[in-house]
Peer 1: 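Questions regarding the structure given below will be posed in turn.
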Amino acid sequence: MHLSEQEIVRRKSLQALRELGVNPYPEAGYETNVTSDEILSRFDDDKPEALKSISLAGRIMSRRIMGNASFAELQDKAGRIQLYFRRDDICPGEDKTKYNQIFKKYLDIGDIIGIKGYAFRTKMGEISVHVEDYTILSKAIRPLPIVKEKDGKTYDAFTDPDQRYRQRYVDLVVNPQIKDVFTKRTKLINTMRDMFNEHGYLEVETPILQAIPGGAAARPFATHHNSLNMPMYLRIANELYLKRLIVGGFDGVYEFSKDFRNEGMDRTHNPEFTVMEIYVAYKDYHWMMDFTEEMIERVAIALHGKTLVQLGDKEIEFKRPYPRITMTDAIKTHTGYDITGKSEDELREICKALDIEIDPSMGKGKLIDEIFGEKCEPHYIQPTFIIDYPKEMSPLTKKHRDNPDLTERFELMVNGKELANAYTELNDPIDQRERFEEQLKLSQKGDDEAMFIDQDFLRALEYGMPPTAGMGIGIDRLAMLMTNNPSIQDVLFFPQMKPEAKPKVDEKSDFVALGIPEEWVDVIFKAGFTEIDALKAENPNKLHQTLCGMNKKHKLGLKNPTQDDVKDWIG
RNA sequence: GACUGAUUAGCUCAGCAGGUAGAGCAUCUGCCUUUUAAGCAGAGGGUCCGGAGUUCGAGCCUCCGAUCAGUCACCA
């Protein structure tokens with residue numbers, strides 16, 4: 001294992017602590033009675049004794065050692081507080097080890113400690129804790145990035161997205177403001193859950209591992225079940241299972257769920273993502289629009305205390321009601337074309353005229369979707385319901401009560417993107433079967449996202465499903481909107497990343513086994529050979545020169561091997 | 001997948017017409033009992049992403065490759 005100088009120093013400190021009888025990873029819990037923010041808010045200059053026997057724990061984030069006194073900053077879950085250490089308080093007797101050795105030499109930034117002491121205000125006016133005793137709770141043997149701040153300006157910020165996402169634990173430690181995004185995300189979910197529970201709807205769990213990935217148009221992740229010897233898929237949606245529960249007699253069911261789609265990754269797409277789907281019996285999509293508006297408004301207020309939310313350089317007003325515009329009207333407004341009653345060929349002509357790329361596998365529904373996506377969607381910045389989608393692109397949606405070419409479906413658009421998708425659910429089993437068969441034709445035409453036919457779902461519908469309204473909403477996207485983050489990676493603790501490229505490193509002992517003296521193995525590592533195979537592929541004469549050169553250059557004072565020695569090692 | 005840019009010390013980043021690398025913080029050694037991006041004095045630390053080429057000489061130029069970011073394309 002290759003360690004940096006600082007890692008070696010910390011491991012030595014760890015050893016030194018053990019030799020002094022200090023357990024750097026004690027088993028016992030540490031009782032605390034206050035947090036950093038409570039000290040700051042409760043401290044009263046007239047009554048400092050109110051915060052006398054306090055005890056708190058956290059991570060050391062900075063140290064300023066001044067001989068026999070020192071300051072440090074302790075970070076706990078709530079924030080930071082300054083600590084004041086004085087040698088003669090920590091070590092009242094003759095033995096000053098606990099200050100001079102343990103605190104000054106063997107503690108580092110990043111270590112987790114518990115302290116006991118009392119609150120006071122320093123000469124400089126900062127509320128601090130005068131430490132009377134401290135306990136090491138966990139030693140950090142890897143150095144944290146050091147982020148400094150003065151007058152609100154941040155120095156040496158830890159901003160590299162790759163490192164931040166791969167090592168989110170470090171990100172959270174050194175960029176504690178990131179925590180706020182995630183607490184807001186959880187609050188968002190809790191707000192929705194509270195609202196659903198108030199209505200008496202039931203939170204349920206449905207299968208993630210499915211034999212038929214249904215309920216949406218997307219490519220699934222495929223896996224294999226060994227003992228059944230059959231392909232299985234990770235779910236792309238929960239719709240069909242939740243509707244089965246409505247068939248079964250629940251009036252309202254909802255699920256917050258991870259769905260998986262085997263498609264591209266970018267700022268707004270992660271292969272696994274969270275959606276909330278809810279189905280309510282005896283309602284239609286008009287009711288669901290009211291319900292959705294109320295839900296979004298409640299979330300905005302819960303998170304921000306108001307309905308006007310900053311998003312980049314825009315402000316989004318989440319106060320209900322939101323305008324409701326039919327898709328046909330939206331297309332008419334933004335393109336001038338009236339798509340009512342147009343045939344597939346006529347739609348193709350319109351796409352051509354509008355300079356929209358199409359391919360032959362696209363049916364009527366997809367063509368219209370394409371026109372809307374290209375020409376209309378970006379215009380809807382403020383929350384807007386787009387309603388009454390063409391039948392072809394909504395195979396699970398009930399036909400529109402006034403127009404058989406349309407369906408009773410809405411999407412909620414915010415900031416030019418789809419946020420929620422909902423409809424009056426199709427509960428006519430004959431119609432549903434026909435729609436699935438149309439999907440099958442699309443699939444045969446080359447649309448690899450067309451839906452599979454789920455026979456069991458059809459059987460369920462044949463037993464009768466009450467009229468139902470259903471709605472799905474992307475939780476990650478809602479979180480992005482509500483926390484002003486343009487990237488999905490910023491609202492996921494652990495966004496999907498490519499596996500970390502890790503150079504293969506053979507053990508030192510493997511090199512020694514070749515007959516190479518240990519001190520030369522270090523030199524070989526230093527020269528960049530961390531794999532036996534790479535070393536063996538090297539020209540022995542060149543390797544000999546390289547090693548002798550390293551010996552000289554770094555003044556190692558080793559006895560150079562002969563060329564034959566080197567040949568023997570790698571021969 | 002395309003284009004553009006990045007990759008140098010543990011971290012954040014400099015570097016020049018091509019002449020064997022610099023700063024701040026961090027680390028180490030001293031000094032300092034109310035400091036705060038503490039201070040002062042000193043020290044160590046680098047396959048300059050990898051490979052090939054041009055050159056007397058490459059962190060810098062050329063080519064190939066890797067990774068990351070942004071934009072676009074694809075995709076809900």
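Protein chains get the first letters and strands the later ones, always in sequence-line order, with residue 1 at the start of each. Since we're looking at a predicted model, the values are computed, not measured.
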Peer 1: Sequence neighbours left out, what pairs pass ring-ring contact (aromatic ring centres under 6.0 Å, His included) with at least one residue falling in residues 139-170 of chain A?
Peer 2: none
Peer 1: Looking across every strand, which nucleic acid part, if any, lies under 4.0 Å from Asn421(A) by heavy atom: base, sugar-phosphate, or nothing?
Peer 2: nothing
Peer 1: Between Asp266(A) and Thr122(A), who's closer to the 5' end of RNA chain B by nearest nucleotide?
Peer 2: Thr122(A)
Peer 1: Go through the steps to decide whether Asn262(A) and Arg219(A) satisfy the test side chain to side chain donor-acceptor pair (under 3.5 Å), and finish with yes or no.
Peer 2: CA-CA 5 Å; Asn262(A) 204 342; Arg219(A) 278 192 289 269; over 6 Å; no
Peer 1: Over all strands shown, is Glu418(A) touching base, sugar-phosphate only, or nothing at heavy-atom distances under 4.0 angstrom?
Peer 2: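 Here Glu418(A) touches the bases of the nucleic acid.
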Peer 1: Side chains of Ser394(A) and Arg409(A): do they bring a donor and an acceptor to under 3.5 Å?
Peer 2: yes
Peer 1: Less than 4.5 Å apart, any side-chain heavy atom of Phe71(A) and any of Met66(A)?
Peer 2: yes
Peer 1: With a cut-off of 6.0 Å (strictly less than), are more than 12 heavy atoms of other residues, nucleotides or ligands near CZ of Arg64(A)?
Peer 2: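 Yes, the 6.0 Å shell around CZ holds more than 12 heavy atoms from other groups.
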Peer 1: When the C1' atoms of rA23(B) and rA37(B) are considered, how many whole Å apart are they?
Peer 2: 15 Å
Peer 1: Can you identify which nucleotide, out of rU33(B), rU35(B), rA37(B), has its nearest atom closest to the Phe71(A) side chain?
Peer 2: rU35(B)
Peer 1: Taking atom P of rC31(B) as reference, at what distance in whole Å does atom NZ of Lys105(A) sit?
Peer 2: 8 Å
Peer 1: Can you name the residues that form a salt bridge (charged side-chain N to carboxylate O under 4.0 Å, His left out) with Asp44(A), not counting sequence neighbours?
Peer 2: none
Peer 1: What distance, rounded to whole Å, do you find between the two P atoms, one in rG22(B) and one in rG59(B)?
Peer 2: 14 Å
Peer 1: Give me the ring orientation class for His130(A) and Tyr118(A): parallel if the planes are under 30° apart, tilted from 30 to 60°, perpendicular past 60°.
Peer 2: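 Ring orientation, 0 to 90° scale: parallel.
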Peer 1: Expressed in angstrom and rounded to an integer, what is the separation of Asp108(A) atom CG from rC28(B) atom P?
Peer 2: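 Interatomic distance, CG of Asp108(A) to P of rC28(B): 6 Å.
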Peer 1: Tell me the interatomic distance from Ile8(A), atom CD1, to rG44(B), atom C1', rounded to whole angstroms.
Peer 2: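 For the pair Ile8(A) CD1 and rG44(B) C1', the rounded distance is 12 Å.
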Peer 1: Return the value, rounded to whole Å, for the distance between atom CZ of Arg64(A) and atom P of rU33(B).
Peer 2: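 Atom CZ in Arg64(A) sits about 17 Å away from atom P in rU33(B).
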Peer 1: Say we look at rG51(B) and rG45(B): how far apart would their C1' atoms be, to the nearest angstrom?
Peer 2: 27 Å
Peer 1: Distance check, P atoms only: rC49(B) and rU35(B), in whole angstrom units.
Peer 2: 43 Å
Peer 1: If we count only N and O atoms by modelled type, under 3.5 Å, do the side chains of Glu277(A) and Ser257(A) hold a donor and an acceptor together?
Peer 2: no
Peer 1: Step through it carefully: locate the ring centre of Tyr285(A), locate the ring centre of Tyr423(A), and say whether they are under 6.0 Å apart.
Peer 2: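 Here the rings of Tyr423(A) and Tyr285(A) have centres that are no less than 6.0 Å from each other.
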Peer 1: Note every stem involving RNA chain B: at least three consecutive Watson-Crick or G-U wobble pairs, i with j then i+1 with j-1, with both distances under 3.5 Å.
Peer 2: B:1-7 with B:66-72, B:10-13 with B:22-25, B:27-31 with B:39-43, B:49-53 with B:61-65
Peer 1: Between protein and nucleotides 2-11 of chain B, what N or O pairs are separated by less than 3.5 Å?
Peer 2:
from, atom 1, to, atom 2, distance (Å)
rG10(B), N9, Gln6(A), NE2, 3.3

Peer 1: Work out how far the P atom of rC16(B) is from that of rA6(B), and round it to whole angstrom.
Peer 2: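 Between the two P atoms, the distance is 14 Å.
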Peer 1: Would the Phe103(A) and Phe85(A) ring centres measure less than 6.0 Å apart?
Peer 2: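 Centroid distance Phe103(A)-Phe85(A): below 6.0 Å, so yes.
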Peer 1: His269(A): what forms a ring-ring contact (aromatic ring centres under 6.0 Å, His included) with it, not counting sequence neighbours?
Peer 2: none
Peer 1: Is there a donor in the side chain of Ser487(A) and an acceptor in the side chain of Asn485(A), or the other way round, less than 3.5 Å apart?
Peer 2: no
Peer 1: Taking atom C1' in both rU7(B) and rG46(B), what distance in whole Å separates the two?
Peer 2: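 To the nearest whole Å, 15 Å.
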Peer 1: May I have the distance from Lys12(A) (atom NZ) to rU29(B) (atom P), rounded to whole angstrom?
Peer 2: 11 Å
Peer 1: Looking at rA37(B), I'd like to know if its phosphate oxygens (OP1 or OP2) sit under 4.0 Å from a side-chain N or O belonging to Lys150(A).
Peer 2: yes
Peer 1: Measuring centre to centre across the rings, with the benzene-like ring taken for any Trp, is His334(A) within less than 6.0 Å of Tyr380(A)?
Peer 2: yes
Peer 1: Measure the shortest side-chain to side-chain distance between Arg477(A) and Thr268(A) over non-hydrogen atoms and say whether it is less than 4.5 angstrom.
Peer 2: yes
Peer 1: Rounding to a whole Å, what distance do you find between Met124(A):CE and rU34(B):C1'?
Peer 2: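 Interatomic distance, CE of Met124(A) to C1' of rU34(B): 9 Å.
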Peer 1: What integer number of Å spans the C1' atoms of rA21(B) and rU47(B)?
Peer 2: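 Between the two C1' atoms, the distance is 14 Å.
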Peer 1: Classify the side chain of Glu126(A) versus the base of rU34(B) as yes if they form a donor-acceptor pair under 3.5 Å and no if they do not.
Peer 2: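 No, no donor-acceptor pair under 3.5 Å.
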Peer 1: Which protein N or O atoms sit under 3.5 Å from an N or O of nucleotides 68-71 of chain B?
Peer 2:
from, atom 1, to, atom 2, distance (Å)
rC68(B), OP2, Lys498(A), NZ, 3.4
rU71(B), OP2, Arg267(A), NH1, 3.0

Peer 1: Between Arg10(A) and Ile65(A), which is nearer to the 5' end of RNA chain B once each is assigned its nearest nucleotide?
Peer 2: Arg10(A)
Peer 1: Using whole Å, what does the distance between atom C1' of nucleotide rC75(B) and atom CZ of Phe273(A) come to?
Peer 2: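 Atom-to-atom, Phe273(A) to rC75(B), this comes out as 11 Å.
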Peer 1: Give me the distance, rounded to whole Å, that separates rC25(B) from rC40(B) when you measure between the P atoms they each carry.
Peer 2: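 It comes out at 8 Å once rounded to the nearest Å.
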Peer 1: Across the strands shown, which category fits Arg261(A) at heavy-atom distances under 4.0 angstrom: base, sugar-phosphate, nothing?
Peer 2: sugar-phosphate
Peer 1: Could you state the OH-P distance from Tyr84(A) to rA38(B), rounded to the nearest angstrom?
Peer 2: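 Rounded to the whole Å, the gap is 17 Å.
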Peer 1: Base, sugar-phosphate, or nothing for Glu73(A), non-hydrogen atoms under 4.0 angstrom?
Peer 2: nothing
